[in-house]
Amino acid sequence: DDDSTSVSEPSAQPLSSASTAAPVPPPDAAAITAVGVGLHHACALRRDGTVWCWGSEAPIYGADHDDKPGLALQPVPVPGLPRARDLYVKRQNNCIVDEEGQLYCWGTGHGVAPVPNLTEVRDVAMGSDPCAITPTGVTCWDDRHPDDQYLVLGRRDLVGIDAEVDRVCALTDDGKVYCWKHSRHPQRLEPIGTIGDATSLAVATHEACVTHASGSVSCWRHGRSNAVPKRVEAVTGAVQVAVGNSHACSRTVVGAVACWGSERATRTPIEPDAGRRVAGIAAAWDIDADQDATCAASPMGAVCGGRALG
């Protein structure tokens with residue numbers, strides 16, 4: 001089976017550690033500023049603030065397309081969105097923050113709608129319920145009823161958050177990481193290991209990873225008391241990490257991408273291993289992963305690989 005997906009507009013190419021040929025980019029390839037990967041679809045945010053998605057049409061069009069399931073083989077613009085500043089994608093849901101700081105979300109079974117009462121959104125996590133960091137802490141809501149909101153963490157020092165299903169992790173401004181099992185009740189947390197210099201984090205179904213101020217990456221498995229993060233050998237200079245079901249990738253400040261773990265869809269846990277640089281990607285400025293797929297935003301456009309999106 002073909003283990004990669006390639007779409008051409010705005011621009012997408014297969015992400016493969018075996019390929020070194022860089023395709024000639026279309027004129028607007030570099031207009032992509034961010035990528036997001038879902039369960040059966042992916043999206044790209046362009047510099048003009050539009051969001052283009054491909055793969056399963058249900059999470060792309062939301063409630064407007066529930067009765068017409070199909071597959072978008074080429075990127076299509078998401079209708080009904082304001083000009084976006086940030087993009088968040090996970091499983092069958094999507095969110096953007098517009099230029100005014102307003103949060104909008106949509107996905108399978110629910111169309112584009114603003115999330116009320118949340119201002120100054122710093123980051124968004126797309127778990128079993130979406131959650132956002134605001135100056136008052138972490139607020140979550142029912143993805144089909146965005147006015148059904150609840151505060152789960154009343155901390156003012158949070159700068160990053162990510163989630164997968166019922167696992168949520170948050171990053172503080174002093175580099176500590178806290179994780180918890182999602183619920184509607186306020187959380188009292190203990191930090192993960194002795195991490196005190198984390199700069200970014202990513203959460204998947206079984207594992208989570210962080211980048212450190214030193215440029216190293218460490219990962220740990222959910223559900224273990226007193227989790228001790230393990231360093232991923234040979235990964236240096238990392239400023240971003242993305243984690244899937246059984247693989248992970250890191251990005252350096254100059255845009256080199258390295259990946260490790262399973263190359264195909266499995267349910268085996270990530271084991272720290274020597275990160276292998278992905279040939280042909282040397283200037284990526286964003287990466288994302290979900291389940292068994294990964295995308296990178298680069299001068300070639302949206303470069304995606306792994307399980308076929310759709």
Side-chain angles (χ1 to χ4, degrees), residues 33-38 43 45 51 82 84-91 93-107 113-143 145-192 195-204 208-213 220 222 239-243 286-290:
T33 62
V35 290
V37 182
C43 298
L45 172 62
V51 176
R85 184 188 71 199
D86 300 305
L87 170 69
Y88 306 93
V89 179
K90 185 81 76 160
R91 287 189 168 259
N93 291 304
N94 320 275
C95 291
I96 61 104
V97 176
D98 72 7
E99 293 181 322
E100 304 300 322
Q102 174 64 55
L103 183 64
Y104 292 79
C105 297
W106 74 100
V115 181
N117 307 319
L118 296 182
T119 59
E120 299 181 54
V121 173
R122 298 173 181 172
D123 201 6
V124 177
M126 312 287 284
S128 53
D129 278 349
C131 300
I133 295 177
T134 70
T136 59
V138 175
T139 297
C140 304
W141 63 94
D142 185 320
D143 58 10
H145 304 283
D147 56 344
D148 180 12
Q149 300 177 3
Y150 49 98
L151 182 71
V152 297
L153 194 60
R155 295 182 61 127
R156 298 177 180 271
D157 59 346
L158 302 176
V159 294
I161 190 170
D162 198 16
E164 178 70 58
V165 191
D166 64 347
R167 299 292 178 176
V168 189
C169 294
L171 173 66
T172 65
D173 57 11
D174 62 353
K176 293 184 174 61
V177 177
Y178 298 84
C179 296
W180 65 94
K181 188 172 182 178
H182 180 79
S183 77
R184 284 178 168 259
H185 304 293
Q187 302 295 317
R188 302 180 68 177
L189 313 171
E190 294 296 329
I192 294 294
I195 295 176
D197 63 344
T199 56
S200 72
L201 64 83
V203 178
C209 298
V210 296
T211 58
H212 297 272
W220 66 94
H222 298 312
V239 295
Q240 185 184 11
V241 64
V243 187
D286 189 36
I287 56 174
D288 194 33
D290 191 14

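It should be emphasised that the depicted structure is a prediction, and the values quoted were computed from it without experimental measurement.
The two residues H182 and C140 come nearest to each other via the heavy atoms CE1-SG, 3.8 Å. Residues Q149 and P146 approach most closely at NE2-O, 2.9 Å, considering heavy atoms. Taking each heavy atom of A170 and L158 in turn, the nearest pair found is CB-CD2, 4.1 Å. For the residue pair L45 and L87, the shortest heavy atom distance occurs at N-CD2, 3.8 Å. The shortest non-hydrogen separation linking P135 to R122 is CA-NH2, 3.7 Å. A pairwise comparison of heavy atoms in A202 and A242 identifies CB-CA, 4.0 Å as the closest pair.
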Trace of the side chain to side chain contact (heavy atoms under 4.5 Å, CB included) decision for L103 with W141: CA-CA 12 Å; L103 183 64; W141 63 94; 3.4 Å; yes
Trace of the side chain to side chain contact (heavy atoms under 4.5 Å, CB included) decision for K90 with V124: CA-CA 10 Å; K90 185 81 76 160; V124 177; over 6 Å; no
Side chain to side chain contact (heavy atoms under 4.5 Å, CB included) between L153 and W180, intermediate numbers included: CA-CA 10 Å; L153 194 60; W180 65 94; 3.7 Å; yes
Test log, rule side chain to side chain contact (heavy atoms under 4.5 Å, CB included), inputs K181 and R167: CA-CA 5 Å; K181 188 172 182 178; R167 299 292 178 176; 4.2 Å; yes
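Under the side chain to side chain donor-acceptor pair (under 3.5 Å) criterion, the residue pairs touching residues 152-164 are R91-E164, R155-D157, with sequence neighbours excluded.
Listed by chain and number, the residues in a salt bridge (charged side-chain N to carboxylate O under 4.0 Å, His left out) with D147 amount to none (sequence neighbours excluded).
Screening T199, T211, D286 for a side chain to side chain donor-acceptor pair (under 3.5 Å) involving Q240 leaves a single residue, D286.
A donor-acceptor pair is defined here as one N or O able to donate and one able to accept, closer than 3.5 Å; such a pair exists between the side chain of D288 and the backbone of V37. With hydrogens and angles disregarded, no donor-acceptor distance shorter than 3.5 Å links the side chain of Q102 to the backbone of L118.
Going from atom CG of D123 over to atom OH of Y88 covers 4.5 Å, rounded to the nearest 0.5 Å. A distance of 5.5 Å separates SG of C131 from CD1 of I161, quoted to the nearest 0.5 Å. Interatomic distance, CD1 of I195 versus CG of D174, reported as 12.0 Å (0.5 Å rounding).
Within the 4.5 Å cutoff, the side chain of W106 has heavy atoms near those of the I96 side chain. Contact check for I192 versus C169: no side-chain heavy atoms found under the 4.5 Å cut-off. Using a 4.5 Å heavy-atom threshold, the side chains of V51 and Y104 count as separate. Looking only at side-chain heavy atoms (C-beta outward), H222 and D166 stay at 4.5 Å or farther from each other.
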